[in-house]
Amino acid sequence: MQTYMMADAHREAMPKLVEWSAEASFVHWNQDSSELPSWEIAEQRMAEQGKFVSLKYSSKAHLRNQFSI
């Protein structure tokens, strides 16, 4: 994930996120395996530890810090 985060496409898109998105959030975690987590585990982690990005045109759910899952 770190490699993707530093890749040109991601680095070019991220500054535009504030203008383009109505919802944006992220969560960091480490895991021992390279296997992707299930959606249920990812959703749980977002609900417990997710961070909301400040956006210019936030949805109502985003303004209330609610995840649209």
Side-chain angles (χ1 to χ4, degrees):
M1 190 61 159
Q2 186 84 12
T3 301
Y4 171 74
M5 190 175 77
M6 299 307 288
D8 288 342
H10 185 260
R11 291 178 70 188
E12 288 177 26
M14 287 312 296
K16 298 170 184 166
L17 183 76
V18 172
E19 294 279 339
W20 288 353
S21 297
E23 297 180 1
S25 54
F26 63 93
V27 66
H28 293 285
W29 83 76
N30 296 318
Q31 63 185 45
D32 296 329
S33 135
S34 62
E35 184 177 325
L36 292 175
S38 68
W39 279 113
E40 291 80 15
I41 291 172
E43 288 173 355
Q44 180 180 357
R45 186 68 62 101
M46 284 298 290
E48 292 172 356
Q49 299 175 12
K51 308 288 186 220
F52 289 84
V53 177
S54 294
L55 303 169
K56 191 170 183 178
Y57 305 106
S58 296
S59 71
K60 290 179 183 179
H62 193 78
L63 290 171
R64 292 190 304 262
N65 290 344
Q66 294 176 328
F67 293 103
S68 298
I69 299 174

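No hydrogens, no waters, no symmetry mates; every other heavy atom, side chains included, goes into these values. Numbers for residues simply follow the sequence, beginning at 1.
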| field | For Glu12 against Pro15, the heavy-atom pair lying closest together | value | O-CD, 3.4 Å
| said: Would you compute the distance between atom OG of Ser58 and atom CG of Leu63 and round it to the nearest 0.5 angstrom? | reply: 4.5 Å
| How many angstroms lie between atom CD of Gln66 and atom OG of Ser25, to the nearest 0.5 angstrom? | 12.5 Å
| query | Is there a donor-acceptor pair closer than 3.5 Å between any side-chain N or O of His62 and the backbone N or O of Val53? | reply | yes
Review item, side-chain donor-acceptor pairs of residues 30-37, under 3.5 Å, at least two apart:
from: Gln31; atom 1: OE1; to: Trp29; atom 2: NE1; distance (Å): 3.0
from: Gln31; atom 1: NE2; to: Ser33; atom 2: O; distance (Å): 3.3
from: Gln31; atom 1: NE2; to: Glu35; atom 2: O; distance (Å): 2.5
from: Ser33; atom 1: OG; to: Glu35; atom 2: N; distance (Å): 2.8

| remark: Closest non-hydrogen atoms of Met6 and Arg11, given as atom of the first, atom of the second and distance, are O-CD, 2.8 Å
| Any idea which heavy atoms bring Leu17 and Ala24 closest together, and the distance? | CD2-CB, 3.8 Å
| task | Could you pull out the closest heavy-atom pair between Val18 and Ser54, with the gap in Å? | result | CG2-O, 3.8 Å
| said: I'd like to check Phe52 versus Glu23 (side-chain heavy atoms, cut-off strictly below 4.5 Å). Are they in contact? | reply: no
| Taking all non-hydrogen atoms of both residues, which atom of Met5 and which atom of His10 are closest, and how far apart? | O-ND1, 2.9 Å
| request: Report the distance from atom CD of Gln44 to atom OG of Ser38, rounding to the nearest 0.5 Å. | output: 9.0 Å
| To the nearest 0.5 Å, what is the distance between CE (Met46) and NZ (Lys51)? | 10.0 Å
